[in-house]
**Student:** 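Structure incoming, see below.
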Amino acid sequence: MSNYADIVVIADQIKNDLRPITFELLGAATDLAKKLGVKVQAIVMGYELGDIPQTLFHYGANEVFVVDKPELAEYTTLTYRRAALAVLEAMERPPHILLCGATTIGRDLAPRIAAYFETGLTADCTELEIGDYEHKGKADPAKTGLHKDCLYAIRPSFGESLKARILGPWKNPQMATARVGTMMPNEPDNSRTGKIIPVSVNFDESDFRVSVEETVYEVSNTVDLTQAKVIVSGGFGLGSADGFDVVRDLSSAFADSAVGSSRKAVDAGWIPYAHQVGQSGKTVRPALYIALGISGAIQHRVGMSNSATIIAVNKDEDAPIFQFAHYGIVGDLYEVAPLLKERFKTAMAGDVNVAKVGG
Amino acid sequence: MSGYKIAVLIKQVPDTSSKAGVNPDGTVDRARAKKMLNPFDKFALQKALEVRAEHGGEIIAITMGPPPAKEILAEALEYGADKGYLLTDKRLAASDTLATAYALYSVVKYLGDVDIVFTGLQTTDGDTAQTGPQIAERMDVPQITYLEKLAVVDGKIHGVRVIEGGVQKLTTSMPALITVANSAKPLEHKRFHNVHSVKELLRNEEELANKIFTVNLDDISADSSRVGLVGSPTVVGKTWKLGEKGGSCALFKGDAVSVEVAELVDKLKADERGIEELVQ
Ligand SMILES: Cc1cc2nc3c(=O)[nH]c(=O)nc-3n(C[C@H](O)[C@H](O)[C@H](O)COP(=O)(O)OP(=O)(O)OC[C@H]3O[C@@H](n4cnc5c(N)ncnc54)[C@H](O)[C@@H]3O)c2cc1C
Ligand SMILES: Cc1cc2nc3c(=O)[nH]c(=O)nc-3n(C[C@H](O)[C@H](O)[C@H](O)COP(=O)(O)OP(=O)(O)OC[C@H]3O[C@@H](n4cnc5c(N)ncnc54)[C@H](O)[C@@H]3O)c2cc1C
C-alpha cells in the first residue's frame with residue numbers, strides 16, 4: 001500500500017447527466033494515481049442517481065462515494081458543499097489530491113471546500129502532473145525543504161502569456177480545478193466495477209438559504225461546442241452579423257458540427273456568448289477547427305489550439321493565426337468559404353457514404 | 001433602515017492593451033506596466049449602482065493592493081460609489097486566493113452589517129475566480145456566482161445565473177455574496193457631476209480622507225499569520241512562456257482562390273488527417 005492518500009474526483013452532473021469533464025477528470029486522476037500507487041475515488045452527489053456510479057467505474061474510478069438525497073436534485077452551493085464535506089470529513093485522512101471541473105459548478109463549489117479546509121486550490125488547470133518540489137524560500141521556515149510527489153497544477157496566465165506551475169504540498173488535499181476539454185478521458189471499460197460507498201448527510205437549515213426557482217436550457221445552445229467534431233468559427237473579419245450565414249453554411253457541410261466565434265464578434269453583438277471560444281469562452285478540441293476572419297489573439301488561441309487540425313482563412317498573410325494553424329489560405333473569407341464547402345463535398349464526400357453505411 | 005449596505009470588491013490589474021511594460025513576447029513587467037481597474041469588476045459596480053438606484057443605501061468600494069491602487073477607488077467614486085477602502089500592508093505580499101479572501105473578508109467584517117458583497121467574476125491577471133466564493137465561505141453566507149441579472153424584492157435577492165447551456169433562476173436571503181458574470185449589463189458612463197466632484201475631492205486632502213480610507217491589517221484587526229506568504233497554502237513554483245507551437249503552417253496564397261482551395265483540400269487528403277469522415 002502506498003503511503004499516500006487517494007485521489008478524489010468530484011463528479012460534475014446536471015440532472016443526472018454526467019458532464020464530459022467528469023470523464024476527463026477521471027482520466028487525469030488515473031494517470032496521477034498510477035504514479036503514486038493509489039486509488040481513484042469519485043464523489044457523486046444528486047438524487048436518484050441510478051447507475052451513475054457504474055459509469056464512473058467504467059471511466060476509471062475504483063471507489064465511488066454516493067450521496068443520494070432529494071435535497072440534492074438540483075445543484076446549489078450550500079447543499080452540495082454540505083454533502084461534499086460530509087464525504088471528505090468521513091475519510092480517515094484527507095485525500096492527497098482533490099479535483100473538480102472548472103465549470104459553473106466546480107468553480108462555485110471548489111473554492112468553498114478549499115476555504116473550509118484552509119487548503120490550496122489552483123484554478124483552471126490545463127495540465128496535472130506529479131513531481132518533487134524543493135521550496136528554497138526561507139521567509140516561512142515551515143515551508144522550506146524538499147517535498148516529494150506533489151501535485152503540479154499547471155495553468156496558463158493569458159494576460160501575461162505565461163504558464164505557471166502552482167504548488168501547495170504543505171497540506172492535503174491539494175486541490176485543483178481542470179479546464180474543460182484539456183484532460184484526456186480513459187476509454188470506457190464496461191466490465192470495470194468497484195466499491196460503492198453510500199454516505200449520509202445532515203443538512204442544516206442554513207444550507208437552504210438559496211433556492212432554485214427554475215433551470216432553463218436555451219434552445220440556441222443545444223449544440224454543445226465542446227462536444228462537436230467540427231467547429232467553424234467566425235471573427236471580426238466577417239464584418240457583420242450576416243457574415244455568420246457564411247460560417248453556418250460551411251459548417252453544414254460537416255456532420256456533428258457547430259458554429260464558434262471570437263470574442264470580438266460576440267462583443268459586436270453578432271452572435272450569442274455561448275458560441276465564444278477562448279480564455280473567457282469555451283475550450284474546444286475538435287477534430288477540425290476552421291477559423292474565418294479571426295486574427296489568432298492569444299486569448300482565442302488558448303481555447304482552440306489543441307484542435308487536431310486547424311485551418312485558417314485570413315486576408316492578412318501576417319495574421320498571428322498562421323503561426324499555429326496547420327493549414328492556411330490567404331484570401332477573402334467570403335470567396336474562400338463557399339469554395340471550401342464545395343470542394344470538401346466533391347473531393348471527400350465519396351469515401352464518407354461508405355463509412356456511414358459501415359458505421 | 002433605508003436601503004442596503006453594499007460592498008463592491010475591485011482590483012487594480014496590469015493593462016496589457018497598453019504597450020507600457022508589455023514585452024514583445026507578451027510577458028508583463030509589472031513594475032513598468034500601466035494599471036487599470038479589472039474590467040470584470042465594472043460589471044459588479046454596475047449591479048451595485050442598480051440596487052442602490054432602486055432601494056437606496058450606500059456603496060463602498062474595497063480594494064487590496066499597493067498604495068497606487070487608490071486610483072481605482074477614485075475611479076469607483078467617479079462611477080458613483082459613495083466611499084472607498086484601500087487595504088494596504090507589506091505583509092500582504094504574495095497572498096494567494098485563500099489569503100486574499102481572508103484579508104478582504106476582514107475588511108468587510110470591519111465595515112459591519114454589509115447586506116450584499118459584489119465581486120467581479122475573475123480578474124485579468126490572477127484569473128482564478130476563487131476569491132469571491134472563498135470570502136463567502138469565511139462570511140458563512142450564501143453566494144450566487146456567474147450572476148447576470150438580479151432584482152431585490154422584500155429583502156431577498158432574485159438572481160439569474162449563467163450555467164453551461166442555460167440559466168438558473170435563484171433566490172437567496174441576505175447577506176449574500178454575488179460574483180457578476182461578464183455577460184451582465186455593462187457599466188454605464190461616468191456622470192459628469194461625479195467626475196467633477198472627484199476632481200475637487202482629489203484637491204482637498206481633508207475631504208478625501210473622509211471618502212477614501214486607507215487601512216492596514218492592524219486597523220481592521222486581521223491576523224497577519226493568515227495572509228501573505230505565511231498564510232498562503234500555494235506558491236507559484238515556476239513560470240515559462242506560452243510556447244509557439246506549430247509554426248509549420250501549410251500556407252496557400254498568391255493564386256486564384258479556387259486554386260488555393262483545391263490545393264489545400266488535396267493536401268488535407270494526402271496528409272491523411274481523416275477529414276473525409278467528417279464531411280456529410
Ligand atoms: C481578458 C480577456 C479575455 C479575452 N477572451 C477572449 C476569448 O475568450 N475569445 C476570444 O476570441 N478573444 C478573447 N479576447 C479578445 C482577444 O484579445 C481578441 O481581441 C479577439 O480574439 C479578436 O477577435 P478577432 O480575431 O475576431 O478580431 P480581429 O483581431 O479584429 O481580427 C479580425 C481578422 O479578420 C481578418 N479579416 C478581415 N476581413 C477579412 C476578410 N474579408 N476575409 C478574411 N479575413 C478577414 C483580419 O485580417 C484580422 O486578422 C479576450 C481579451 C481579454 C483582454
Ligand atoms: C499567474 C498566476 C497564477 C495564479 N494562480 C493562482 C491559483 O491557481 N490559486 C491561488 O490561490 N492563487 C493564484 N494566484 C494568486 C492570485 O492571483 C492572488 O491571490 C490574487 O490576490 C487574487 O486572485 P485573482 O487575481 O485570481 O482574483 P479572482 O479570484 O479572479 O477575483 C475575483 C474577484 O475578487 C475580487 N478581488 C480579487 N482580488 C482583489 C483585490 N486584491 N482587491 C479587491 N478585490 C479583489 C474582485 O472583485 C475580482 O473580480 C495566481 C497568481 C498569478 C500571477
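Order of the sequence lines sets the chain letters (A, B, ...), proteins ahead of strands, with each chain counted from 1.
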**Student:** Take atom CG of B/D113 as the centre, draw a 6.0 Å sphere, and report whether it contains more than 12 heavy atoms from other residues, nucleotides or ligands.
**Tutor:** no

**Student:** Taking 4.5 Å as the heavy-atom cut-off, does anything in residues 33-42 of chain B contact chain A, and if so which residues?
**Tutor:** none

**Student:** For the pair B/K169 and A/E214, find out whether any cationic side-chain nitrogen is under 4.0 Å from an anionic carboxylate oxygen.
**Tutor:** yes

**Student:** Taking side chain as everything from C-beta outward and backbone as N, CA, C, O, which of these in A/L78 sits under 4.5 Å from a heavy atom of chain B? Side chain, backbone, both or neither.
**Tutor:** side chain

**Student:** Side chain, backbone, both or neither: which part of A/T103 has an atom under 4.5 Å from a heavy atom of chain B?
**Tutor:** both

**Student:** B/T145, B/T172, B/L251: which one forms the most heavy-atom pairs within less than 4.5 Å of chain A?
**Tutor:** B/L251

**Student:** Should we count CD of B/E272 as having more than 12 external heavy atoms under 6.0 Å?
**Tutor:** no

**Student:** Taking side chain as everything from C-beta outward and backbone as N, CA, C, O, which of these in A/V336 sits under 4.5 Å from a heavy atom of chain B? Side chain, backbone, both or neither.
**Tutor:** both

**Student:** Do any N or O atoms from the side chain of A/E335 and from the backbone of B/A256 form a donor-acceptor pair under 3.5 angstrom?
**Tutor:** no

**Student:** side-chain hydrogen bond (donor to acceptor under 3.5 Å, both in side chains) between B/Q122 and A/R107: does it pass, once the steps are laid out?
**Tutor:** CA-CA 11 Å; B/Q122 59 196 57; A/R107 288 176 117 205; 3.2 Å; yes

**Student:** Ignoring hydrogens, what is the shortest heavy-atom contact between A/R155 and B/G126? Give both atom names and the distance.
**Tutor:** NH1-O, 3.0 Å

**Student:** Distance from B/L177 atom CG to A/T77 atom OG1, nearest 0.5 Å?
**Tutor:** 10.5 Å

**Student:** Can you name the closest pair of heavy atoms from A/Y327 and B/R273 and give their distance?
**Tutor:** OH-NE, 2.9 Å

**Student:** Heavy-atom distances under 4.5 Å only: say whether B/D255 touches chain A with side chain, backbone, both or neither.
**Tutor:** neither

**Student:** Less than 4.5 Å to any heavy atom of chain B: does that hold for the side chain of A/A308, its backbone, both, or neither?
**Tutor:** backbone

**Student:** For the candidates B/V160, B/V235, B/T234, which exhibits the highest count of non-hydrogen atom pairs separated by less than 4.5 Å from chain A?
**Tutor:** B/V235

**Student:** Just how far is it from atom CG of A/L121 to atom CG of B/D96, taken to the nearest 0.5 Å?
**Tutor:** 9.0 Å

**Student:** At a heavy-atom distance under 4.5 Å, which candidate from B/L121, B/I157, B/D271 has the highest pair count against chain A?
**Tutor:** B/D271

**Student:** Where does A/I113 contact chain B at under 4.5 Å (heavy atoms): side chain, backbone, both or neither?
**Tutor:** neither

**Student:** How long is the span from the CG atom in A/L288 to the CD1 atom in B/I275, to the nearest 0.5 Å?
**Tutor:** 4.5 Å

**Student:** Restricting to non-hydrogen atoms, name the atom on A/V330 and the atom on B/E260 that form the minimum distance, rounded to 0.1 Å.
**Tutor:** O-OE1, 3.2 Å

**Student:** Output the option from B/S232, B/A262, B/A94, B/A129 having the highest count of non-hydrogen pairs under 4.5 Å with chain A.
**Tutor:** B/A262

**Student:** So which part of A/K171 gets closer than 4.5 Å to some heavy atom of chain B, the side chain, the backbone, both or neither?
**Tutor:** neither

**Student:** For a quick test of reading the model, state the closest non-hydrogen atom pair linking B/D127 to A/Q279 and the distance between them.
**Tutor:** OD2-NE2, 3.7 Å

**Student:** Might you point out which heavy atoms bring B/E164 and A/I14 nearest each other, and give the distance in Å?
**Tutor:** OE1-CD1, 4.4 Å

**Student:** Of the listed residues (B/K267, B/K238, B/H158), which shares the most heavy-atom pairs with chain A below a 4.5 Å separation?
**Tutor:** B/K238

**Student:** Would you mind checking if B/E277 and A/K229 are paired as a salt bridge, meaning a charged N to carboxylate O distance below 4.0 Å?
**Tutor:** no

**Student:** Between B/S173 and A/R209, is any side-chain donor less than 3.5 angstrom from a side-chain acceptor?
**Tutor:** no

**Student:** Tell me, side chain or backbone of A/T76 under 4.5 Å from chain B's heavy atoms, or both, or neither?
**Tutor:** neither

**Student:** Check each atom of B/A136 against the heavy atoms of chain A and say whether the ones under 4.5 Å are side chain, backbone, both or neither.
**Tutor:** both

**Student:** Any Lys/Arg nitrogen of A/E118 or B/R138 sitting under 4.0 Å from an Asp/Glu carboxylate oxygen of the other?
**Tutor:** yes

**Student:** With a 4.5 angstrom heavy-atom cut-off, which part of B/L98 approaches chain A: side chain, backbone, both or neither?
**Tutor:** side chain

**Student:** Does any backbone or side-chain atom of A/I311 lie under 4.5 Å from a heavy atom of chain B? Answer side chain, backbone, both or neither.
**Tutor:** side chain

**Student:** If we define contacts as heavy-atom pairs under 4.5 Å, which of B/V236, B/I144, B/V230, B/V13 has the most with chain A?
**Tutor:** B/V230

**Student:** List the atom of A/A114, the atom of B/Q134, and the distance in Å for their closest heavy-atom pair.
**Tutor:** CB-NE2, 3.7 Å

**Student:** State whether B/K253 and A/E317 are salt-bridged, where the test is any N-O pair (Lys NZ or Arg NE/NH1/NH2 against Asp/Glu carboxylate O) under 4.0 Å.
**Tutor:** yes

